[in-house]
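Fair warning: this is a prediction, and the values are worked out from it, not measured in the lab.
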Amino acid sequence: MTSMDKVDFGDVRWGSVEWTNLCTLYLRACESRSPAPILGDDAAAEAVGRIDYDWARMRRSVRPGFSQYLVAMRAEQLDDWSVDFLSRHPDAVVVHLGCGMDTRAFRVHPPATVQWFDVDQPNVIGLRRRLYDDRAGYRTIGASVTDEAWLDDIPTDRPILMVAEGLLMYLTEPEVRALLQRLTDRFGSGELVFDTLSAMGPRLSKMFTKGIVKWGIRDAHEMERWNPRLRLLARGPVGARFERIPSKQVRLLWRLVNATPVRNYDVLNRFAF
């Protein structure tokens with residue numbers, strides 16, 4: 001990380017992509033202060049403490065009392081899969097696509113032999129670099145994940161772990177197919193961990209969020225038919241860990257959600273190839 005000096009983020013426009021990334025960072029920081037945190041992202045809390053921004057206004061907007069747990073449950077499952085993969089492949093390459101302001105590279109404590117690449121749009125990476133410096137074993141890349149050129153910077157002589165959290169649903173299906181194909185064509189073996197929305201996602205997005213969700217899928221096994229190298233290892237709803245939520249009211253709400261088909265709206269997937 002960089003020095004502990006305060007960093008002014010006052011130029012981050014409300015409602016922008018960069019602002020959305022700050023929202024997620026803030027929610028993870030809030031959850032880390034829970035009586036019994038699920039994720040316990042102390043690195044996010046440290047980052048929020050360093051950033052000069054209107055956090056009071058953000059709190060009124062994102063209402064962390066509920067949303068912090070969704071973010072924490074999703075991140076922890078992806079973290080657990082990542083840690084498991086790296087325990088078996090301590091020389092791996094990790095490519096975190098659409099990293100935003102996520103602290104996963106610091107949170108999961110990868111082995112020193114891992115090479116970690118955080119990839120996102122150049123403007124997002126520019127914001128990220130105000131907080132975090134590149135260092136041995138860690139590098140940021142400013143590029144669209146749909147471009148092919150950034151892959152030229154990634155070593156291909158070792159297993160790869162691709163993490164994509166809250167990303168693929170904003171790509172079109174052809175873009176998702178092409179991205180997965182490029183990864184399996186270029187690397188000998190690895191795992192891909194990511195979340196997906198249901199096939200209803202794009203339709204609901206047209207009604208409520210101006211169509212920003214471009215892709216959803218009913219059955220992740222369909223991706224095995226797209227790409228014969230892919231093998232689905234695990235799949236589960238993002239709210240599967242709701243019993244660990246310390247708030248009784250929020251825990252009850254998640255119990256109700258998990259008793260209905262809505263539980264499969266946002267799903268976490270683990271693939272090997």
Side-chain angles (χ1 to χ4, degrees), residues 1-34 37-76 78-79 82-83 93-110 112 114-145 147 150 153-154 163-167 170 212:
M1 295 188 185
T2 57
S3 70
M4 298 303 293
D5 295 338
K6 278 281 189 179
V7 184
D8 184 10
F9 275 33
D11 58 341
V12 174
R13 182 174 54 83
W14 203 261
S16 65
V17 171
E18 295 88 345
W19 176 82
T20 302
N21 290 322
L22 283 183
C23 289
T24 308
L25 179 70
Y26 176 71
L27 289 171
R28 291 198 308 271
C30 289
E31 199 275 335
S32 75
R33 303 184 187 103
S34 297
I38 296 169
L39 182 64
D41 192 346
D42 294 333
E46 179 182 296
V48 166
R50 290 181 54 208
I51 295 170
D52 187 5
Y53 199 66
D54 190 349
W55 297 118
R57 182 185 179 194
M58 178 170 285
R59 186 176 189 85
R60 293 192 296 271
S61 177
V62 301
R63 299 182 183 277
F66 175 79
S67 49
Q68 63 181 328
Y69 300 113
L70 168 62
V71 168
M73 289 188 291
R74 181 178 68 182
E76 193 201 30
L78 295 177
D79 281 6
S82 299
V83 169
V93 166
V94 180
V95 178
H96 186 182
L97 299 181
C99 62
M101 301 301 293
D102 196 285
T103 61
R104 181 167 282 115
F106 319 113
R107 194 169 65 232
V108 303
H109 305 294
V114 165
Q115 289 188 265
W116 191 295
F117 297 85
D118 276 343
V119 183
D120 212 319
Q121 296 283 356
N123 55 336
V124 175
I125 292 298
L127 192 67
R128 185 178 182 86
R129 285 174 178 161
R130 299 188 199 177
L131 282 179
Y132 309 117
D133 292 328
D134 286 5
R135 63 176 194 275
Y138 174 76
R139 181 181 164 195
T140 52
I141 298 176
S144 170
V145 300
D147 292 343
W150 64 266
D153 294 331
I154 312 298
V163 185
E165 182 177 356
L167 170 69
Y170 301 114
I212 61 173

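No salt bridge links Lys6 with Asp52; every basic N to acidic carboxylate O contact stays at or beyond 4.0 Å.
Across every non-hydrogen atom of Ser82 and Arg104, the tightest pair is OG-CD, 4.4 Å. Shortest non-hydrogen contact noted between Arg107 and Asp79 is NE-OD2, 2.7 Å. The heavy-atom pair separating Trp116 from His96 by the smallest distance is NE1-CB, 4.0 Å. The two residues Val145 and Trp150 have their closest heavy-atom pair at O-NE1, 3.4 Å. Minimum interatomic distance between Asp133 and Tyr138 (heavy atoms only, all atoms of both residues): O-CD2, 3.7 Å. Taking both residues in full, the closest heavy atoms of Leu167 and Ala164 are given as CD2-CB, 3.9 Å, listed atom of the first, atom of the second, then distance.
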Test log, rule side-chain contact (heavy atoms from CB on, under 4.5 Å), inputs Val17 and Val124: CA-CA 8 Å; Val17 171; Val124 175; 4.0 Å; yes
Worked verdict on Phe106 versus Glu46 for side-chain contact (heavy atoms from CB on, under 4.5 Å): CA-CA 12 Å; Phe106 319 113; Glu46 179 182 296; over 6 Å; no
Tyr53/Tyr26 under side-chain contact (heavy atoms from CB on, under 4.5 Å): CA gap, chis, key distance, verdict: CA-CA 11 Å; Tyr53 199 66; Tyr26 176 71; over 6 Å; no
Residue pair Ile154, Ile141: steps toward the side-chain contact (heavy atoms from CB on, under 4.5 Å) verdict: CA-CA 10 Å; Ile154 312 298; Ile141 298 176; 3.9 Å; yes
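The CD atom of Glu76 sits 13.0 Å away from the CZ atom of Arg28 when rounded to the nearest 0.5 Å. One distance of note links CH2 of Trp55 with OG of Ser61; it measures 12.0 Å at 0.5 Å rounding. Here Leu22 contributes atom CG and Ser16 contributes atom OG; the two are 7.5 Å apart, rounded to the nearest 0.5 Å.
Not counting sequence neighbours, the partners of Arg128 by the salt bridge (Lys or Arg N to Asp or Glu O under 4.0 Å) test are Asp118.
Under the 3.5 Å distance criterion, the side-chain polar atoms of Arg50 are matched with a main-chain donor or acceptor of Leu131. A donor-acceptor pair is defined here as one N or O able to donate and one able to accept, closer than 3.5 Å; such a pair exists between the side chain of Ser32 and the backbone of Ala29. Side chain of Asp120 to main chain of Cys99: a donor-acceptor pair is present (N/O by atom type, distance under 3.5 Å, no hydrogens or angles). Remark: side-chain polar atoms of Glu31 are paired, donor with acceptor, to backbone N or O of Gly40 under 3.5 angstrom. At least one donor-acceptor pair closer than 3.5 Å links the side chain of Asp134 to the backbone N or O of Thr140.
Residues Leu127 and Asn21 form no side-chain contact, since every pair of their non-hydrogen atoms from C-beta on lies 4.5 Å or further apart. With a 4.5 Å cut-off on side-chain heavy atoms, Thr103 and Asp42 do not count as touching. For the pair Val108/Val94, no side-chain contact is recorded, criterion being any heavy-atom separation below 4.5 Å from C-beta on.
For residues 9-24, the set of pairs meeting the salt bridge (Lys or Arg N to Asp or Glu O under 4.0 Å) definition, not counting sequence neighbours, comprises Asp11-Arg130.
Within a 6.0 Å sphere centred on OH of Tyr170, other residues, nucleotides and ligands contribute 12 heavy atoms or fewer.
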